[in-house]
Amino acid sequence: QGQLVESGGGLVQAGDSLRLSCATSGLTFSNSAMAWFRQTPGKEREFVAAFRQNGGRTYYEDSVRGRFTISRDGAKNTIYLAMNNLKPEDSAVYYCALGYGVILSSIRNEAAYKYWGQGTQVTVSS
């Protein structure tokens with residue numbers, strides 16, 4: 001059974017940086033798409049960023065493009081989300097996800113991802 005475990009969340013001030021990590025086990029990165037989503041209370045989970053192994057392209061939600069970077073380390077089986085210039089509106093529980101055979105049109109759709117982590121809280125104070 002594949003598992004994903006996030007870490008690296010915390011309380012920071014606006015303008016600070018954080019790097020989230022997502023350690024995977026029992027899964028391969030081959031033919032996969034990896035993504036980060038986030039959710040705030042009372043709202044649906046929203047897409048943040050994704051990396052498609054086939055082709056190596058990255059995809060970002062408009063509000064984080066230029067501030068967040070998704071990456072992965074195959075040797076460590078870990079997915080990262082580097083977050084710079086954080087804003088209070090970035091506060092949320094962040095989830096990493098992994099799926100196989102994710103087509104391009106579904107890259108931002110949480111239903112396309114089979115494996116999920118438990119989430120890590122990020123709080124940005126103003």
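Predicted model, so just to flag it, every value in this text is computed and none were measured.
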Would the number of heavy atoms belonging to other residues, nucleotides or ligands and lying under 6.0 Å from CZ of R57 be above 12?
no
List the steps, then state whether side chain to side chain contact (heavy atoms under 4.5 Å, CB included) holds for D16 with V124.
CA-CA 8 Å; D16 284 352; V124 184; over 6 Å; no
Sidechain N-carboxylate O distance under 4.0 Å for D90, K87
no
I want to check something: taking the side chain as every heavy atom from C-beta on, are V5 and Q118 in contact at a cut-off of under 4.5 Å?
yes
Does Q3 CD have over 12 foreign heavy atoms under 6.0 Å away?
no
Without hydrogens or angle criteria, can the side chains of Y94 and R38 be said to hold a donor-acceptor pair below 3.5 Å?
yes
Is L104 reachable from F47 through a run of hydrophobic residues whose side-chain heavy atoms are each under 4.5 Å from the next?
yes
Nearest heavy-atom pair of D73 and F29: which atoms, and what distance?
O-CE1, 3.9 Å
For W36 against I79, the heavy-atom pair lying closest together:
NE1-CG2, 3.6 Å
Report the distance from atom CD1 of I70 to atom CZ of F51, rounding to the nearest 0.5 Å.
8.0 Å
Treat each ILVMFWY residue as a node, draw an edge where side-chain heavy atoms are under 4.5 Å apart, and state whether L27 and V102 are in one component.
no
Evaluation steps, ring-ring contact (aromatic ring centres under 6.0 Å, His included), between F37 and Y113:
CA-CA 11 Å; F37 289 77; Y113 299 88; 5.6 Å; yes
Under 3.5 Å, is there a donor-acceptor pair between the side chain of T120 and the main chain of E6?
no
Taking all atoms of both residues into account, what is the closest heavy-atom pair of Y59 and R52, and its distance?
CE1-CB, 4.1 Å
Single-linkage hydrophobic cluster L98~V93, side-chain heavy atoms < 4.5 angstrom
no
For A50 and I107, the nearest pair of non-hydrogen atoms, with its separation, is CB-CG1, 3.7 Å
Is the charged tip of R19 near the ring of Y80: under 6.0 Å from the six-membered ring centre and within 45° of its axis?
yes
Indicate the atoms forming the closest heavy-atom contact of A14 with S126, along with that distance.
CB-CA, 4.3 Å
Quick one: CG on L81 to SG on C96, what's the gap to the nearest 0.5 Å?
10.0 Å
Nearest-0.5 Å distance that lies between atom CD in Q121 and atom OG in S91:
7.0 Å
When every non-hydrogen atom of S17 is compared with those of N85, the smallest separation belongs to OG-N, 4.2 Å
Using a 6.0 Å distance limit plus a 45 degree cone around the ring axis, check whether R45 lies over the aromatic ring of Y95.
yes
Using modelled atom types only, decide if a donor and an acceptor are shared between the side chain of E61 and the backbone of R65 within a distance under 3.5 Å.
no
Looking only at side-chain N and O atoms, does T24 offer a donor or acceptor that is under 3.5 Å from a partner on N77?
no
Starting from L20, can I reach W116 by hopping between I/L/V/M/F/W/Y residues whose side chains sit under 4.5 Å apart?
no
Got a donor-acceptor contact below 3.5 angstrom from the T78 side chain to the K76 backbone?
yes
Contact check, side chains of R72 and Q53, non-hydrogen atoms, under 4.5 Å:
yes
